Amino acid sequence: MKLIKYFLEFIVVIIFFFISKILGVKNSSKIYCLIFKKIGPLIRSNSTVEKNIEIAFPKIEIKNREKIINNMWCNYGRTFAEYMHLSYFRENKYKNIKIKNLNNLENLKKNNKPILFFSGHFANFELLAMYLDKYGFQISALYRPLNNIFLNPIIEFIRKKNICKNQIPKTIPGVKKYKFGGRELISKIKKGQNIALMIDQKVTQGIKVKLFEKDALTIDLPAQMALKYNYILQPLIIKRLNEIDFEITIDDSIKIDEGDNEFSLTKKINNKLEDMIINNPNQWIWTHDRWRI
């Protein structure tokens, strides 16, 4: 039954991708925004969205919560449509992507330390690793493959072609799960290679750290990389300015103080994620069951 379900999902997504390609980036982004705003609230995960917003903003009014949900589904739809146009963004990065604090990026290039770039699923998050790759950083992007075994190879092909060639899966669909990219990731870390990672998804392994005053199982790999392998912890912030224009902020690196450990560094990272969500709740993907332990 599951294979049939995955195959039907695959057919639907391929049709939507094909329509997006025909419509072009601007038109498909706008139309898919409207479609996702209609169908998003009907999806089962919408209840998770409402619950998550209540955790992050317990005093929020219903009308403001609904506004966040509406805007989130719109951004979700735009990002979905833009998968068929990632080559457009790669070829026109300076036209559609503004950079704040570019000097921070220049300083990172001059630094001899390896870098862990991290962010969350905001706006079109795929553009972050793409920009770093185009800017000359040799990076490997750690990602979570789709459960759909028919669709996952296509998305992986799109990522490798348009974002960056080095894509490390956290797990492999249909195969026994292994921790955070397994041997391939560990090998790259030991060699001091730059890594890009999204730190806001639900994980099954990690440590309990507060996120908006509620325990959340959180990946502690970034803290381990900083403490054991001397990695710079570099947050990146992306925001959709309008339909297909974006702003990437090269934030200040996480300060590592004397006496910091895995827990305290992971808490600093969660604090940074909180700031990102507070400043841009409309474009964060709230569908992850982030606080389920």
Side-chain angles (χ1 to χ4, degrees), residues 17 25 78-102 104-146 151-173 178 180-201 219 221-222 225 229 231-240 244 246-251 253 285:
F17 275 171
V25 61
R78 290 186 184 279
T79 302
F80 178 88
E82 288 158 2
Y83 264 96
M84 284 292 95
H85 304 280
L86 287 175
S87 59
Y88 168 87
F89 291 104
R90 189 171 181 89
E91 294 165 6
N92 298 281
K93 62 169 184 167
Y94 296 116
K95 179 181 177 182
N96 297 95
I97 303 174
K98 291 172 54 180
I99 303 297
K100 285 184 66 176
N101 301 342
L102 185 60
N104 283 352
L105 206 57
E106 291 290 344
N107 292 334
L108 287 170
K109 262 200 161 184
K110 297 173 185 175
N111 200 308
N112 292 323
K113 290 183 178 182
I115 308 163
L116 172 67
F117 295 98
F118 72 87
S119 189
H121 289 81
F122 296 87
N124 190 333
F125 50 89
E126 301 284 21
L127 301 181
L128 292 170
M130 176 192 291
Y131 186 88
L132 294 172
D133 185 70
K134 284 285 286 183
Y135 201 78
F137 286 93
Q138 298 295 318
I139 63 169
S140 297
L142 189 64
Y143 75 101
R144 181 189 180 279
L146 302 177
L151 189 57
N152 185 66
I154 293 178
I155 298 299
E156 188 173 291
F157 172 79
I158 292 172
R159 283 176 169 146
K160 287 182 177 180
K161 181 180 178 182
N162 297 297
I163 299 172
C164 67
K165 292 180 180 179
N166 296 320
Q167 298 279 329
I168 307 175
K170 292 182 183 179
T171 60
I172 298 177
Y178 54 93
F180 305 132
R183 294 179 181 177
E184 184 180 359
L185 176 61
I186 297 301
S187 174
K188 291 184 182 298
I189 291 173
K190 288 182 176 180
K191 292 175 182 177
Q193 297 183 11
N194 299 324
I195 306 292
L197 169 67
M198 295 292 163
I199 48 90
D200 58 341
Q201 285 182 307
I219 180 173
L221 177 65
M225 292 169 66
Y229 297 102
Y231 268 77
I232 296 172
L233 300 177
Q234 178 58 51
L236 301 174
I237 302 169
I238 186 167
K239 182 178 182 180
R240 188 184 296 274
I244 60 169
F246 301 85
E247 179 182 79
I248 294 175
T249 300
I250 314 301
D251 208 354
S253 302
I285 297 179

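All figures in this text were calculated on a predicted structure; none of them were measured in a lab.
Remark: Lys165 does not engage Asp133 in a salt bridge, criterion side-chain N to carboxylate O under 4.0 Å.
To the nearest 0.5 angstrom, Ile250 atom CD1 is 7.5 Å from Leu102 atom CG. Annotation: the span from Lys134 atom NZ to Glu91 atom CD amounts to 8.0 Å, rounded to 0.5 Å. Remark: Arg90 CZ to Glu126 CD distance equals 12.5 Å, nearest 0.5 Å. We find the OG-CG distance between Ser140 and Leu197 to be 12.0 Å, quoted to the nearest 0.5 Å. To the nearest 0.5 Å, atoms CD1 (Ile99) and OH (Tyr131) are separated by 4.0 Å. Remark: Ile195 CD1 to Ile115 CD1 distance equals 11.0 Å, nearest 0.5 Å.
In this structure, Tyr231 contributes its side chain and Gln193 its backbone to a donor-acceptor pair below 3.5 Å. Of the possible polar contacts, one joining the Gln234 side chain to the Asp251 backbone as a donor-acceptor pair under 3.5 Å is found.
Using bins of under 30°, 30° to 60° and over 60° for the plane-to-plane angle, the ring pair Phe125/His121 lands in the perpendicular bin.
Around the CD atom of Glu106, the shell of radius 6.0 Å holds more than 12 heavy atoms that belong to other residues, nucleotides or ligands. No more than 12 heavy atoms of other residues, nucleotides or ligands sit less than 6.0 Å from atom CZ of Phe157. Lys109 NZ: more than 12 foreign heavy atoms inside a 6.0 Å radius.
For the pairing with Leu236, the side-chain contact (heavy atoms from CB on, under 4.5 Å) check across Thr249, Asn104, Leu132 returns one residue only, Leu132.
Considering only heavy atoms from C-beta on, Leu146 stays 4.5 Å or farther from Glu156 through its side chain.
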